[in-house]
Amino acid sequence: MLVLGIESSCDETGIALYDTQKGLIANQLHTQMAMHAEYGGVVPELASRDHIRRLVPLTQAALQEAGVQYADIDAIAYTQGPGLGGALLAGAAYANALAFALGKPVLPVHHLEGHLLSPLLSEKQPAFPFVALLVSGGHTQFMAVRGFGDYELLGETVDDAAGEAFDKTGKLIGLPYPAGALLSEYAKLGSPDAFAFPRPMLHSHDLQMSFSGLKTAVLTAVEKTRAELNLAMDDPLPETVRNDICRCFQDAVADVLTAKAQRALLQTGFRTLVVAGGVGANWKLRENLSHISVKTSPKAAAETVQTYFPPLPLCTDNGAMIAFAGAMRLQHGVQSAQTADAFNVKPRWPLSDIVKQPAL
Ligand code: KG4
Ligand code: ZN
């Protein structure tokens, strides 16, 4: 069975073909990052228009990459939500029109289900059950993944996503959007002890996180430094200060995510951790999570944890995860949607609609 996957929830247009026998046979992506960079963030209207421009050529490129024809496609899966309304509509309209023209079923997919299942597309696959840490510009969540369709939201950020905090903090110190990758490069040159930034909700005894206060702490440090050095508003910070801020901010985020990952592992009893999303590329977070272990009591021996970092192209937004989630839905007997339902995009689709609630 051959499934075409369409992702258009934010600033990436992804088109992929997943064959249930051969695996992923095409994966095409166009990122709008450069287009949005000059505005310092994603401009929804520009995003929608660009998706419309890219969907057909990317599908043709995917068919060519796989050496198949439109007629070979058995089903069309697309991201129904959550995401930007207009961007989702571009993908939904295209998926439904193509499905209608080809006379094939259309499968609406929850974007987060795509992310959760994407590790199963990598060569070294984690076995169920596992804890998934989804950490990107839009999401920061821990989930218990017990099998297909069995996901439990364990906890998430109460305000900014971690990637968003990286981007906003980068903006404060004059870095271009999206700032995460560059900020983490500068962090390599900074001193970890230069600033004592807070670790918000580190001891909150749950799996909730908060990153907006950390961003405010950076703002206060930047303003204080500017005043001390007599810098004008548009003067750049000295490189050493910039690097120190990057290092201390990054370490604070990584510490919170690591401590919460340990809590999620203890709470579930699972010993496998999967990290997905763009912030998963961060070197400090990788270093921490690669060596993570858990203790069930202070005197117990440390238990090792297997940590998986799927390849970055599968961690960030892509069509492959949507094609794969669609194929899994078909294989598990989930019916395709009627057109009226399928065309109903869900920009604010809560994960709780498809996952179990955390135990009270
Ligand atoms: O998963 P992703 O590509 O897209 C979505 O947000 O959907 O994640 C992008 C986010 C951005 O906020 C970016 O700044 C951040 O991931 N990011 C990083 C690094 N590389 C990308 N954050 C920290 N360290 C990095 N090395
Ligand atoms: Zn995403």
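What you see below is based on every heavy atom in this structure, not just the backbone, and it leaves out hydrogens, waters and symmetry mates. Just so it is clear, the structure is predicted and the values come from calculations on it, not from any experiment. Start at 1 and go down the list; that is how both ligands and their atoms are numbered.
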Original post:
Within the stated cut-off of 2.8 Å, is an N/O/S atom of C10 closer than that to the Zn ion (ligand 2)?
Top reply: no

Subject >> From L58 atom CG to I15 atom CD1, the distance as rounded to the nearest 0.5 Å >> reply: 6.0 Å

Original post:
For the Zn ion (ligand 2), what is the closest N, O or S atom on D317?
Top reply: OD1

Subject >> Rounded distance (nearest 0.5 Å) linking atom CD1 of I173 with atom CG of L183 >> reply: 5.0 Å

Subject >> Those atoms of ligand 1 less than 4.0 Å from some heavy atom in G138 >> reply: 6 (O)

Subject >> Per atom 13 (C) of ligand 1, closest listed option by heavy atom (D167, L134, V42, V135) >> reply: D167

**OP:** Please answer whether the main-chain N or O of L46 pairs with a side-chain N or O of D50 as donor and acceptor at a distance below 3.5 Å.
**Re:** no

Original post:
Would the F249 and F166 ring centres measure less than 6.0 Å apart?
Top reply: yes

Original post:
To the nearest 0.1 Å, how far is atom 3 (O) of ligand 1 from its closest protein heavy atom, and which atom is that?
Top reply: T316 CG2, 3.0 Å

Original post:
Backbone or side chain, does any N or O of G163 fall under 3.5 Å from an N or O of ligand 1?
Top reply: yes

**OP:** Determine, for E152 against R146, whether the closest basic-nitrogen to carboxylate-oxygen distance falls under 4.0 angstrom.
**Re:** yes

**OP:** Quick one: look up the protein heavy atom nearest atom 9 (C) of ligand 1 and list residue, atom name and how far away it is.
**Re:** G137 N, 3.9 Å

Subject >> Distance, nearest 0.5 Å, that separates OH of Y94 from CD1 of I6 >> reply: 6.0 Å

Subject >> salt bridge (charged side-chain N to carboxylate O under 4.0 Å, His left out) between R247 and D251, worked out >> reply: CA-CA 6 Å; R247 179 63 194 260; D251 288 10; 2.9 Å; yes

Original post:
Under 4.0 Å from any heavy atom of A281, which atoms of ligand 1 are there?
Top reply: 26 (N)

Original post:
Can you tell me how far the CE atom of M143 sits from the CG atom of L134, to the nearest 0.5 Å?
Top reply: 5.0 Å

**OP:** Compute the angle centred on the Zn ion (ligand 2) spanning NE2 of H115 and NE2 of H111, and express it rounded to 10 degrees.
**Re:** 90°

**OP:** Could you tell me whether E223 and R226 have a side-chain N and a carboxylate O separated by less than 4.0 Å?
**Re:** no

Original post:
When only distance counts, is D317 in polar contact with ligand 1, meaning an N/O pair under 3.5 Å?
Top reply: yes

**OP:** Specify the protein heavy atom at minimum distance from atom 24 (N) of ligand 1: its residue, its atom name, and the distance to 0.1 Å.
**Re:** N282 ND2, 3.1 Å

Subject >> Shortest protein heavy-atom distance from atom 22 (N) of ligand 1, along with the residue and atom involved >> reply: G180 CA, 3.5 Å

Subject >> For atom 15 (C) of ligand 1, the protein heavy atom that lies nearest, with its residue and separation >> reply: V279 CG2, 4.0 Å

Original post:
Should the pair H115 and H139 be assigned to parallel (<30°), tilted (30 to 60°) or perpendicular (>60°) ring geometry?
Top reply: perpendicular

Subject >> S184, portion touching ligand 1 at heavy-atom distance under 4.0 Å >> reply: side chain

Original post:
Of C315, C10, G278, P313, which has the heavy atom at the shortest distance from atom 17 (N) of ligand 1?
Top reply: G278

